[in-house]
Amino acid sequence: RACECRTLLATSTVNPRHPLPASHLALVGAAAGAAVSSTVPSWREAIAQALRAFLVVLHDTLWIAWLKIEFGARVQRVAGLPAAVIMKTWGFGPESVAAERAFYFGMTAPLLEERGVTCVRLCGNARGGSPRAFARAVLSRGGRAVPEWMLIPLWAPLATLGAQVLTSLRLRRHAARAADPALARVARRTAVECLGPETLRTALYYHIAKQAVARWRPRVFLALYEGQPWEIPARHGVRAASPGCVTVGYQHTVIMPHSFSLLRPHAGSWELSAPEVVLCLGEVTKAMMQPGHAPHRARLVPFGSFRRTLASSAPASPRPGRRTVLVLPEGIRSEAILLFDFATRAA
């Protein structure tokens with residue numbers, strides 16, 4: 001509430017979620033460390049973060065310019081007509097774009113089109129790599145799909161970095177003036193984190209969403225709802241372009257204990273911490289999220305998931321008689337250890 005800066009919302013530190021990112025673990029360590037003598041951010045650390053972000057600004061701006069030159073005409077053809085729904089989704093490298101079923105939304109886009117609901121998909125690359133290869137794969141896929149970097153204005157990365165610096169200075173003042181040592185440590189850590197390249201790229205989702213909504217004039221902006229830092233800047237971009245566009249969040253997976261951004265989104269402030277409609281995985285997650293979303297007057301709808309396909313021959317319920325424990329790790333080492341240790345105890 002005290003620091004009304006949009007780039008603050010893009011900072012990992014203020015988005016509590018699961019799995020716990022490195023910035024949160026560092027914050028917990030700083031808050032627990034009684035030996036921390038100063039609550040004023042280190043200028044050396046802050047300047048190093050800002051320099052890294054500046055290099056990313058140069059890198060990303062050159063790539064954005066290249067993509068606009070090479071693929072601008074093709075995106076203009078996609079942008080020819082308005083769309084009722086904009087769907088923000090993710091791919092995992094160029095090869096993932098060719099899949100018939102999208103990883104997160106499955107067949108939602110073609111099903112909407114069959115019912116006469118026009119849809120544009122904004123595709124981001126969660127795996128990194130060549131923006132050019134990913135953009136070519138998305139635009140070659142067919143349908144109305146656009147690589148999200150094509151919507152970033154050329155001036156936006158540098159302007160965002162300037163906003164990061166101003167936010168860091170404001171947080172530095174909060175850290176120096178805070179009477180509460182815990183609050184001072186949070187402000188100190190966040191003053192450094194908000195200068196980083198990750199915050200820069202996350203804050204650019206404000207411009208991506210704003211440009212998309214201004215261009216296609218949708219009634220609905222549909223995005224994943226996981227409590228990730230990019231989600232709130234995107235909602236601000238939607239609101240800036242069209243206050244009447246409804247923001248919808250797709251809560252597509254289980255809710256873990258540290259997913260506070262989903263369980264208790266901050267109410268009574270300016271940050272648009274929850275979408276207006278939440279598509280829930282099921283009745284259980286809806287019941288978990290309902291108390292925290294009631295102050296926002298968000299509508300929660302049991303929706304299910306396109307990520308789970310059940311063969312007709314599969315059993316409808318577990319069979320304890322098989323005495324088998326199935327473990328499905330996600331590729332995060334700490335989670336895999338936790339799951340396998342629990343499975344061993346269960347067995």
(Q) Ring of Tyr206, cation from Arg6 - is the NZ or CZ under 6.0 Å from the centre and inside 45° of the axis? (A) yes
Q) Is a donor on one side and an acceptor on the other found under 3.5 Å between the side chain of Gln251 and the backbone of Leu281? A) yes
Q. Taking a hydrophobic cluster as the set of Ile, Leu, Val, Met, Phe, Trp and Tyr residues connected by side-chain heavy atoms closer than 4.5 Å, whether directly or through intermediates, do Tyr104 and Val220 fall within one such cluster?
A. yes
Q) Quick check: does any side chain N or O of Arg217 sit under 3.5 Å from a backbone N or O of Val213, one acting as donor and the other as acceptor? A) no
Q) Are Met107 and Val85 linked, directly or through other ILVMFWY residues, by side chains that come within less than 4.5 angstrom of each other? A) yes
Would you list the atom pairs, donor with acceptor, under 3.5 Å between side chains in residues 332-347 and any protein atom, with sequence neighbours excluded?
from   : atom 1 : to     : atom 2 : distance (Å)
Glu335 : OE2    : His18  : NE2    : 2.8
Thr344 : OG1    : Phe340 : O      : 2.8

Q. For the side chain of Thr61 and the backbone of Leu58, is there at least one donor-acceptor N/O pair under 3.5 Å apart?
A. no
Q) Quick one: does Arg219's side chain have a donor or acceptor within less than 3.5 Å of a partner on Val246's backbone? A) no
Q. Just wondering, do Cys280 and Met288 contact through their side chains at under 4.5 Å, heavy atoms?
A. no
**Q.** Polar side-chain atom of Arg144 near backbone of Leu81 as donor-acceptor pair, under 3.5 Å
**A.** yes
Q) Closest approach of Leu171 and Cys194, non-hydrogen atoms and distance? A) CD1-SG, 4.1 Å
Q. Ion pair present between Glu45 and Arg189, side-chain N to carboxylate O less than 4.0 angstrom?
A. yes
Q) Should the pair Trp66 and Trp63 be assigned to parallel (<30°), tilted (30 to 60°) or perpendicular (>60°) ring geometry? A) perpendicular
Q.
Tell me if a side-chain donor or acceptor on Thr190 pairs with a main-chain N or O of Ala187 at a distance below 3.5 Å.
A. no
Q: Can you measure from OG (Ser305) to CZ (Phe105) and round to the nearest 0.5 angstrom?
A: 10.5 Å
Q.
For Thr118 and Glu113: C-alpha separation, side-chain torsions, deciding distance, then whether side-chain hydrogen bond (donor to acceptor under 3.5 Å, both in side chains) applies.
A. CA-CA 5 Å; Thr118 53; Glu113 295 284 355; 5.8 Å; no
Q) Is Glu226 salt-bridged to Arg17, cutoff N-O under 4.0 Å? A) no
**Q.** Min side-chain heavy-atom separation Leu8-Cys3 under 4.5 Å
**A.** yes
Q: Begin with the C-alpha distance, continue with both residues' side-chain angles, and end with the deciding distance and a verdict on side chain to side chain contact (heavy atoms under 4.5 Å, CB included) for Ser23 and Thr13.
A: CA-CA 6 Å; Ser23 61; Thr13 312; 4.2 Å; yes
Q) Hey, would you say the Trp149 and His207 ring centroids sit under 6.0 Å apart? A) no
Q | Hydrophobic cluster membership, Ile86 vs Ile232, 4.5 Å side-chain cutoff | A | no
Q | side chain to side chain contact (heavy atoms under 4.5 Å, CB included) between Arg132 and Phe71, worked out | A | CA-CA 9 Å; Arg132 183 169 179 261; Phe71 302 112; 4.3 Å; yes
Q) Should Pro94 and Arg136 count as side-chain neighbours, where that means a heavy-atom distance under 4.5 Å? A) no
Q: Please report the closest heavy-atom contact between Ala267 and Pro295, naming both atoms and the distance.
A: CB-CB, 3.8 Å
Q.
Distance check, rounded to the nearest 0.5 Å: Leu224 atom CG versus Thr253 atom OG1?
A. 10.5 Å
Q. Less than 4.5 Å apart, any side-chain heavy atom of Leu112 and any of Met87?
A. yes
Could you tabulate the donor-acceptor pairs under 3.5 Å formed by side-chain atoms of residues 173-181, not counting sequence neighbours?
from   : atom 1 : to     : atom 2 : distance (Å)
His174 : NE2    : Ala2   : O      : 3.4
Asp180 : OD1    : Ala182 : N      : 3.1

**Q.** From His252 atom NE2 to Tyr225 atom OH, the distance as rounded to the nearest 0.5 Å
**A.** 12.0 Å
Q: Please work out which of the three classes, parallel, tilted or perpendicular, describes the rings of Trp230 and Tyr205, given edges at 30° and 60°.
A: tilted
Q) Given Phe260 and His266, is the side chain to side chain contact (heavy atoms under 4.5 Å, CB included) satisfied, shown in steps? A) CA-CA 9 Å; Phe260 297 124; His266 190 198; over 6 Å; no
Q | Electrostatic pair Glu148:Lys88 at N-O distance under 4.0 angstrom | A | yes
(Q) Run Tyr250 and Phe303 through ring pair (Phe, Tyr, Trp, His ring centres under 6.0 Å) and show every step you take. (A) CA-CA 9 Å; Tyr250 177 31; Phe303 183 75; 5.6 Å; yes
Q.
What I want to check is whether the side chains of Ser269 and Glu271 have a donor and an acceptor closer together than 3.5 Å.
A. yes
Q) Of the non-hydrogen atoms in Met150 and Gly72, which two are nearest, and what is the gap between them? A) CE-N, 3.8 Å
**Q.** Heavy-atom side-chain proximity of His236 to Leu9 below 4.5 angstrom
**A.** yes
Q | Pairwise side-chain contact, Arg127 with Glu95, heavy-atom cut-off 4.5 Å (strictly under) | A | yes
Q.
Within the 4.5 Å heavy-atom criterion, are His293 and Leu300 side-chain neighbours or not?
A. yes
Q.
Between Asn125 (side chain only) and Phe134 (backbone N and O only), is there a donor and an acceptor less than 3.5 Å apart?
A. no
Q.
I need the minimum non-hydrogen distance between His24 and Ser12, along with the two atoms involved.
A. NE2-O, 2.8 Å
Q: Look at the side chain of Glu193 and the backbone N and O of Thr11, then say whether any donor-acceptor pair between them is shorter than 3.5 Å.
A: no
**Q.** Closest contact, heavy atoms only, Val120 versus Ala83
**A.** CG2-CB, 3.7 Å
Q: Could you tell me whether Phe103 and Phe92 have their ring centroids closer than 6.0 angstrom?
A: yes
Q) Out of curiosity, does Met289 fall in the hydrophobic cluster containing Val284 (side-chain heavy atoms, cut-off under 4.5 Å, transitive links)? A) yes
Q. Say you draw a straight line from CD of Gln290 to OG1 of Thr285; how long is it, rounded to the nearest 0.5 Å?
A. 11.0 Å
**Q.** Glu276 and Thr247 side chains, donor-acceptor separation under 3.5 Å
**A.** yes
(Q) Has Glu231 got a side-chain atom pairing as donor or acceptor with Gln228's backbone, closer than 3.5 angstrom? (A) yes
Q) Do other residues, nucleotides or ligands put more than 12 heavy atoms under 6.0 Å from Phe54 CZ? A) no
Q: Could you grab the distance from atom OG1 of Thr89 to atom CG of Leu122, nearest 0.5 Å is fine?
A: 9.5 Å
**Q.** Connected via hydrophobic side-chain network under 4.5 Å: Leu279 and Val117
**A.** yes
Q) Are the side chain of His296 and the backbone N or O of Pro265 linked by a donor-acceptor pair below 3.5 Å? A) yes
Q.
Please give me the minimum heavy-atom distance between Gln211 and Pro153, naming the atom from each residue.
A. NE2-CG, 3.9 Å
Q.
So, taking the atom named CG in Asp60 and the one named CG in Leu161, what distance separates them when rounded to the nearest 0.5 Å?
A. 11.5 Å
Q | Side-chain heavy-atom pair Pro131, Leu67 within 4.5 angstrom cut-off | A | yes
Q. Could you walk me through whether Ser140 and Arg74 pass the side chain to side chain contact (heavy atoms under 4.5 Å, CB included) check?
A. CA-CA 10 Å; Ser140 301; Arg74 295 169 70 175; 3.5 Å; yes
